[in-house]
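Values below: all heavy atoms of this structure, side chains included; hydrogens, waters and symmetry mates excluded.
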Amino acid sequence: MTVLLREAIGDRLRHARTNQRRTLRDISRAARVSLGYLSEVERGQKEASSELLASICEALDLPLGELLHKVAADVSAMDNVEVAPVDEKVEAGKRRASEREGAEAGLEGGRLVSELIGNDLADLRISPPPRMSPALRTTISAPKMVAA
């Protein structure tokens with residue numbers, strides 16, 4: 001699987017910014033880069049120059065070498081991932097079967113993940129699902145009638 005360098009850099013920049021709980025506006029002001037351009041860099045739509053990367057890294061208090069090291073590791077890891085071709089008809093059939101099984105079992109929807117542990121995709125952990133009651137209970141009363 002081929003990963004574009006600008007996408008890997010953008011992912012790491014966004015990860016660094018969101019871990020610091022800072023906004024695009026905050027970083028764009030500190031780095032003296034337009035908010036729109038910074039957003040495009042983070043989304044991997046624009047190729048940032050070395051000067052621009054240095055300015056963004058400085059605004060994030062992130063050493064440029066550290067950013068490049070992490071990006072290199074990400075790209076290297078993605079180069080080792082193999083994606084098998086999927087027959088669209090087989091995949092669509094599996095999806096429909098899965099949807100039918102979910103409907104038969106009374107599955108009504110997913111749940112939100114309460115917390116993520118770590119900074120790497122390999123560190124994602126999901127806690128066991130909570131027990132759900134088999135029936136939905138409501139406490140809605142009938143509307144009151146008002147005499148005219």
Side-chain angles (χ1 to χ4, degrees), residues 1-140:
M1 180 175 191
T2 304
V3 175
L4 295 176
L5 186 59
R6 69 173 185 256
E7 292 174 348
I9 290 171
D11 286 343
R12 277 295 171 174
L13 289 173
R14 178 170 296 201
H15 181 76
R17 178 180 59 79
T18 56
N19 275 351
Q20 295 177 16
R21 299 183 186 273
R22 294 174 68 188
T23 64
L24 274 171
R25 185 173 311 279
D26 177 36
I27 301 302
S28 71
R29 285 180 181 157
R32 295 186 179 152
V33 176
S34 77
L35 187 129
Y37 193 80
L38 179 59
S39 174
E40 288 178 316
V41 168
E42 281 191 358
R43 288 181 281 140
Q45 295 178 339
K46 294 288 184 186
E47 194 95 33
S49 68
S50 58
E51 292 88 0
L52 181 65
L53 280 178
S55 180
I56 295 169
C57 284
E58 187 177 323
L60 288 166
D61 294 324
L62 171 68
L64 181 59
E66 184 179 330
L67 171 72
L68 296 177
H69 179 74
K70 288 180 178 180
V71 168
D74 292 345
V75 170
S76 178
M78 291 304 291
D79 283 344
N80 297 328
V81 174
E82 293 183 24
V83 179
V86 177
D87 183 1
E88 291 180 23
K89 291 180 183 178
V90 171
E91 187 64 29
K94 286 180 182 177
R95 262 195 315 269
R96 283 193 297 273
S98 175
E99 289 168 0
R100 281 194 304 274
E101 289 172 7
E104 291 169 4
L107 184 64
E108 296 180 6
R111 63 184 175 83
L112 295 176
V113 176
S114 60
E115 67 180 54
L116 300 176
I117 303 169
N119 292 330
D120 203 355
L121 291 178
D123 293 333
L124 294 180
R125 306 282 191 271
I126 299 177
S127 60
R131 289 190 163 168
M132 299 178 73
S133 64
L136 178 65
R137 294 184 178 97
T138 61
T139 56
I140 300 173

Would you compute the distance between atom [atom1] of [X] and atom [atom2] of [Y] and round it to the nearest 0.5 angstrom?
{"X": "Glu7", "Y": "Met78", "atom1": "CD", "atom2": "CE", "result": "10.0 Å"}
{"X": "His15", "Y": "Leu67", "atom1": "NE2", "atom2": "CG", "result": "11.5 Å"}
{"X": "Glu40", "Y": "Gln45", "atom1": "CD", "atom2": "CD", "result": "5.5 Å"}
{"X": "Leu53", "Y": "Leu68", "atom1": "CG", "atom2": "CG", "result": "7.0 Å"}

Query - Which atom of Ser55 lies closest to which atom of Ala31, heavy atoms considered - result: OG-O, 2.5 Å
Report summary line: Looking only at heavy atoms, the pair that brings Leu60 and Gln20 closest together is O-NE2, 2.7 Å
Query raised in the report: For Leu24, does its backbone N or O pair with a side-chain atom of Ser28 as donor and acceptor, under 3.5 Å?
Result: yes
**Report entry** Main-chain N/O of Arg21 paired to Thr18 side chain as donor or acceptor, under 3.5 Å
**Finding:** no
Requested in this report: Please tell me if the side chains of Leu38 and Ile27 come closer than 4.5 Å, counting only heavy atoms from C-beta onward.
Outcome: yes
Requested in this report: Would you mind reporting whether Arg14 and Arg43 have side-chain heavy atoms less than 4.5 Å apart?
Outcome: yes
Report task. Quick one: list whatever passes salt bridge (Lys or Arg N to Asp or Glu O under 4.0 Å) with Arg22, sequence neighbours left out. Result -> Asp26
Requested in this report: Return each pair, listed once, that meets side-chain hydrogen bond (donor to acceptor under 3.5 Å, both in side chains) where at least one residue sits in residues 57-67; pairs must be two or more places apart or across chains.
Outcome: Glu66-Lys70
**Report entry** Derivation of the side chain to side chain contact (heavy atoms under 4.5 Å, CB included) call for Val33 and Leu52
**Finding:** CA-CA 8 Å; Val33 176; Leu52 181 65; 3.0 Å; yes
Query raised in the report: Arg29: what forms a side-chain contact (heavy atoms from CB on, under 4.5 Å) with it, not counting sequence neighbours?
Result: Arg25
Query - Cationic N near anionic O, under 4.0 Å, Glu42 to Arg17 - result: yes
